[in-house]
Amino acid sequence: MKVTLEKASELIKQGETVAIPTETVYGLAADAFNINAVKKIFEQKGRPADNPLIVHICDLNQLQDVAKDFSDDLQKLTDRFWPGPLSVVLKKRKSVPDIVTGGLDTVAVRMPDHPLTLELIKKTGPLTAPSANKSGRPSPTNPRHVIEDFGDDFPILDGGASKLGLESTVLDLSGDSITILRPGFVDSKMIQDLLKKEVKLIAESDKKSGKKSPGTRFTHYKPKASVKWLDYSVKNISDSDSYFIFHSKTIKSSNRKNVHTYQGDYSSLARDLYDHFRTADYISCSTIYIEPFTDEKIHPLIPALKDRIKRAISS
Ligand code: TXA
Ligand code: MG
């Protein structure tokens, strides 16, 4: 059910949850300082309690209210990338309830780049929001996806389709080294060039254990169809219940049904990926075949795309 900005603000202040638009994906928002409201997020999503949430803010004063120990690096990053698809993990203030951070002493914070949501946060204060999907399902990139997971009556602040379509980069600034916990639009080279420092990528072993970022451990982004890298050596792939996604420049568009080609347009692929996952289910395809990425360096979005697709494959 679509709600106005006024209504969304009223619901949040009453301790309810509301689906909100961001430039990455839709979020399931609640007042970050209201423990009972945050509990509802975990219940409604079916999310494990030890998977922490991101706090969304609309100005830098609110950053002071939730986190501490700021560095010059943070200043440079927020100057350059906020509002935008970068979440930073910082030491948390006591005011942030443990339920938000899954008991960690750090908090992930971002300033989303969506005018409606920034306006909403101005009225309500910081909102904590995971992606507005049931746990384990692909993230929602438009209101229709939210309705699919939560039903017609769920309050949604409709801000149109998400511009980017993949979740924010999560960057850990709370330790001695700077580590990307989840790749996204802001890639390691952009951060390295800005800070003139080495930026690490979370190790595979830390991903599996969930030690550094609990979210990496959980089943995620999963359609009902099984997702596979397309293996050209396998013959006789059934066309009728398969869904194909090609991205390289050389593969031209096709008139056959369920074939989607991007010809090197990785931003559009990122924007559409979760919608493809959901559409394939909707039309009852049993397998989604995706052209493998042979070279990570040809586009900054490839590590993020690969990360999301690999999770959909493995889960
Ligand atoms: O683009 C996005 O980030 C979207 C929109 C709604 O803002 N939100 C989103 O939230 O993707 P969620 O909950 O689906 O993913 C948050 C990720 C998880 O992998 C979680 O483990 C990690 O951020 N995270 C949150 N707080 C953390 C912390 N204190 N330390 C390490 N990782 C943290
Ligand atoms: Mg999520």
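Whatever order the structure lists ligands and atoms in, that order sets their numbers, starting from 1.
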Going by heavy-atom distance to [atom], choose the closest among [options].
atom	options	result
atom 14 (O) of ligand 1	G27, A29, S131	S131
atom 29 (N) of ligand 1	T128, T106, N133	T106
atom 12 (P) of ligand 1	P52, S135, S174, P130	P130

### Query
Looking only at heavy atoms, which two atoms of V186 and P85 are closest? And how far apart?
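What the structure gives for the nearest pair is CG2-O, 4.0 Å.
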### Message
Distance under 4.0 Å to a non-hydrogen atom of R110: what atoms of ligand 1 satisfy this?
### Response
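Those atoms are 1 (O), 2 (C), 3 (O), 5 (C), 7 (O).
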### Query
Do the side chains of T124 and D31 get nearer than 4.5 Å, heavy atoms only?
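Not in contact.
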### Message
Contact between L63 and L74 at the side-chain level, heavy atoms closer than 4.5 Å - yes or no?
### Response
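Side chain of L63 against side chain of L74, heavy atoms only: contact under 4.5 Å found.
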### Message
Any side-chain to backbone donor/acceptor pair from R182 onto S168? Under 3.5 Å, distance only.
### Response
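Judged by distance alone, yes, a pair lies under 3.5 Å.
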#### Entry: Test item: Q192 side-chain N/O and E198 main-chain N/O as donor-acceptor pair under 3.5 Å
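Flag not set: sc Q192 to bb E198 has no pair under 3.5 Å.
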Specify whether [X] and [Y] have parallel, tilted or perpendicular ring planes, treating 30° as the upper limit for parallel and 60° as the lower limit for perpendicular.
X	Y	answer
H276	H260	tilted
F150	F154	tilted
Y266	F293	tilted

### Task
Have a look at ligand 1 and work out which part of L53, if any, has a heavy atom under 4.0 Å from it: side chain, backbone, both or neither.
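Answer for L53: backbone.
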### Query
How does D172 reach ligand 1, by side chain, by backbone, by both or by neither, if only non-hydrogen atoms under 4.0 Å count?
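Looking at D172 and ligand 1, no heavy atom falls under 4.0 Å.
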Would one find an N or O of [X], backbone or side chain, under 3.5 Å from an N or O of ligand 1?
X	answer
R47	yes
S168	yes
H56	yes

### Message
So for T101, does at least one of its heavy atoms come nearer than 4.0 angstrom to any atom of ligand 1?
### Response
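So T101 does not count as touching ligand 1.
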### Query
So does S139 have any N/O/S atom less than 2.8 Å away from the Mg ion (ligand 2)?
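No, since none of the N, O or S atoms of S139 sits under 2.8 Å from the Mg ion (ligand 2).
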